[in-house]
Amino acid sequence: GSYGGAMHLENVVFDAQDPRRLGRFWEEALGCEPLTDEPEVYETRLSVEDGPGLDLCFPRVLDPATAAPRIRPDVAAGPRRRGSCQAF
């Protein structure tokens with residue numbers, strides 16, 4: 001489909017010590033579809049009706065983050081979900 005020439009995000013990458021666990025959490029919370037399930041990376045796709053998809057990528061990192069995240073996803077409930085979730 002056409003998105004009117006507007007710029008959109010295609011991927012958001014979250015460093016993860018346990019990619020599968022973190023990826024599956026967000027997959028369930030957002031109703032995403034799985035793309036890649038490997039030991040070193042988990043990827044899932046958030047589909048937006050009449051809009052572009054957004055791939056969430058969770059590559060394995062060895063060390064925990066020492067700085068505050070530069071992006072903070074805040075998720076509000078929609079018609080398919082109950083409650084709300086704030087991550088990080």
Side-chain angles (χ1 to χ4, degrees):
S2 174
Y3 309 114
M7 185 184 315
H8 65 272
L9 292 175
E10 184 176 320
N11 294 290
V12 177
V13 179
F14 300 88
D15 290 346
Q17 289 185 293
D18 186 345
R20 181 175 286 149
R21 182 175 176 205
L22 188 59
R24 286 185 176 170
F25 167 81
W26 283 107
E27 187 173 87
E28 175 64 27
L30 299 175
C32 300
E33 63 181 275
L35 296 175
T36 305
D37 185 356
E38 297 178 3
E40 296 303 313
V41 66
Y42 193 90
E43 295 178 294
T44 188
R45 178 167 293 148
L46 174 62
S47 297
V48 178
E49 189 173 332
D50 296 326
L54 177 64
D55 293 351
L56 306 177
C57 307
F58 303 89
R60 182 179 309 280
V61 297
L62 299 178
D63 298 319
T66 57
R70 291 186 275 171
I71 187 170
R72 178 185 162 169
D74 289 329
V75 179
R80 294 177 24 184
R81 304 274 184 235
R82 292 177 175 249
S84 65
C85 173
Q86 290 189 345
F88 306 98

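All values below come from the heavy atoms of this structure, side chains included, with hydrogens, waters and symmetry mates left out. The shown structure was predicted, so the numbers you read here are calculated from the model rather than taken from an experiment.
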J.: Please round to the nearest 0.5 Å and tell me the distance separating atom CD of Glu27 and atom CG of Leu22.
T.: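 Output value for this atom pair is 11.5 Å.
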
J.: Please report the shortest heavy-atom distance between Pro19 and Pro39, naming the atom on each side.
T.: CG-O, 4.0 Å

J.: Tell me which pairs pass salt bridge (charged side-chain N to carboxylate O under 4.0 Å, His left out) where either residue lies in residues 6-22, with sequence neighbours left out.
T.: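 For residues 6-22: Arg20-Asp37.
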
J.: Membership question, hydrophobic clusters at under 4.5 Å side-chain separation (ILVMFWY): are Leu9 and Val48 in the same one?
T.: no

J.: Quick one: does any side-chain atom of Arg60 pair with a main-chain N or O of Val41 as donor and acceptor, under 3.5 Å?
T.: no

J.: Report the residues that fulfil side-chain contact (heavy atoms from CB on, under 4.5 Å) with Leu56, sequence neighbours left out, ordered by chain and then residue number.
T.: Val12, Phe14, Trp26, Leu30, Cys32, Thr44, Leu54, Phe58

J.: Scan for side-chain hydrogen bond (donor to acceptor under 3.5 Å, both in side chains) pairs involving residues 61-71, sequence neighbours excluded, and state none if there are none.
T.: none

J.: Tell me every residue that passes side-chain contact (heavy atoms from CB on, under 4.5 Å) with Leu62, counting only those two or more places apart in sequence or in another chain.
T.: none

J.: Using a 4.5 Å cut-off on heavy atoms from C-beta on, say whether the side chain of Glu40 contacts that of Pro59.
T.: no

J.: State, with a plain yes or no, whether a side-chain heavy atom of Asp55 is found less than 4.5 Å away from one of Glu43.
T.: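 Contact flag for Asp55/Glu43 side chains = no.
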
